[in-house]
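The structure under discussion appears below in the form of structure tokens.
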Amino acid sequence: MAVSYRIAVIGDWESVMGFRALGLDAYPASSPEEAREIIHKLAKEDCAVIYLTEQLAVKLEDVIARYKDALRPAIILIPGKEGSLGVGKRSIQSAIERAVGADIL
């Protein structure tokens with residue numbers, strides 16, 4: 001029987017609740033500690049992708065590093081309600097450089 005994986009979004013309430021309309025699991029987190037607990041819980045369950053707001057990500061670098069090379073969950077950084085901090089873009093550029101061996105962006 002095939003396993004059905006979930007996609008989750010973690011961030012402040014205003015940034016994540018709109019994702020529910022798309023069928024994603026939304027987890028509002030009011031602090032980095034709360035987000036850390038949610039990420040670890042989802043990693044133990046059937047969550048394949050976690051979208052995390054950049055505002056929380058800058059305070060959770062250790063958690064992101066822990067799952068960086070894991071098969072799942074993939075943690076993808078997204079802008080929050082305050083806009084982009086550029087962290088997500090730098091993360092993607094770094095991943096591409098590791099995979100390709102050069103900055104192609």
Side-chain angles (χ1 to χ4, degrees):
M1 183 160 74
V3 177
S4 173
Y5 291 107
R6 297 181 304 145
I7 300 174
V9 184
I10 303 171
D12 59 273
W13 193 90
E14 294 87 356
S15 297
V16 302
M17 294 316 278
F19 287 94
R20 276 203 176 149
L22 300 174
L24 281 65
D25 295 336
Y27 294 90
S30 56
S31 69
E33 294 76 25
E34 186 177 6
R36 179 184 314 271
E37 290 176 21
I38 295 168
I39 291 169
H40 290 316
K41 177 180 174 275
L42 292 171
K44 292 176 185 174
E45 296 176 357
D46 58 350
C47 189
V49 178
I50 298 173
Y51 291 105
L52 177 67
T53 60
E54 292 178 332
Q55 287 74 15
L56 283 173
V58 296
K59 299 171 184 161
L60 296 171
E61 291 178 6
D62 60 315
V63 175
I64 294 168
R66 176 178 175 179
Y67 296 107
K68 181 173 150 183
D69 295 323
L71 182 59
R72 67 175 179 85
I75 299 178
I76 311 296
L77 307 183
I78 60 171
K81 68 179 181 189
E82 295 88 7
S84 178
L85 301 175
V87 179
K89 181 180 177 188
R90 285 192 300 274
S91 175
I92 290 172
Q93 280 180 312
S94 174
I96 291 171
E97 278 185 47
R98 281 194 326 270
V100 176
D103 182 5
I104 61 172
L105 296 179

Output for pair (T53 OG1, I78 CD1), nearest 0.5 Å, gives 6.5 Å
Taken to the nearest 0.5 Å, the spacing of I50 CD1 from I39 CD1 works out to 5.5 Å
Is the number of heavy atoms from other residues, nucleotides or ligands under 6.0 Å of L22 CG greater than 12? yes
Closest non-hydrogen contact found for L77 with A57 is CD2-CB, 3.4 Å
By side-chain hydrogen bond (donor to acceptor under 3.5 Å, both in side chains), S15 pairs with (sequence neighbours left out) D12
Tightest non-hydrogen contact, residues A8 and L42, listed as CB-CD1, 3.6 Å
Sorted by chain and residue number, the salt bridge (charged side-chain N to carboxylate O under 4.0 Å, His left out) partners of K41 (sequence neighbours excluded) come out as E45
task: Say whether, by atom type as modelled, one donor and one acceptor occur between the side chain of E14 and the main chain of K81 under 3.5 angstrom.
output: no
Side chains of residues 23-30: which donor-acceptor partners sit under 3.5 Å, not counting sequence neighbours?
from: D25; atom 1: OD2; to: R6; atom 2: NH1; distance (Å): 2.8
from: Y27; atom 1: OH; to: R6; atom 2: NH1; distance (Å): 3.2
from: S30; atom 1: OG; to: E34; atom 2: OE1; distance (Å): 2.9

Applying side-chain hydrogen bond (donor to acceptor under 3.5 Å, both in side chains) to K59 and not counting sequence neighbours gives none
Tightest non-hydrogen contact, residues A35 and L56, listed as CB-CD1, 3.8 Å
Rounded to the nearest 0.5 Å, the CD1 atom of I76 sits from the CD1 atom of I64 at a distance of 10.5 Å
Residues at least two apart in sequence or cross-chain that pass ring pair (Phe, Tyr, Trp, His ring centres under 6.0 Å) with Y67, listed by chain then number, are H40
CG (L60) and CG (L52) are apart, to the nearest 0.5 Å, by 6.0 Å
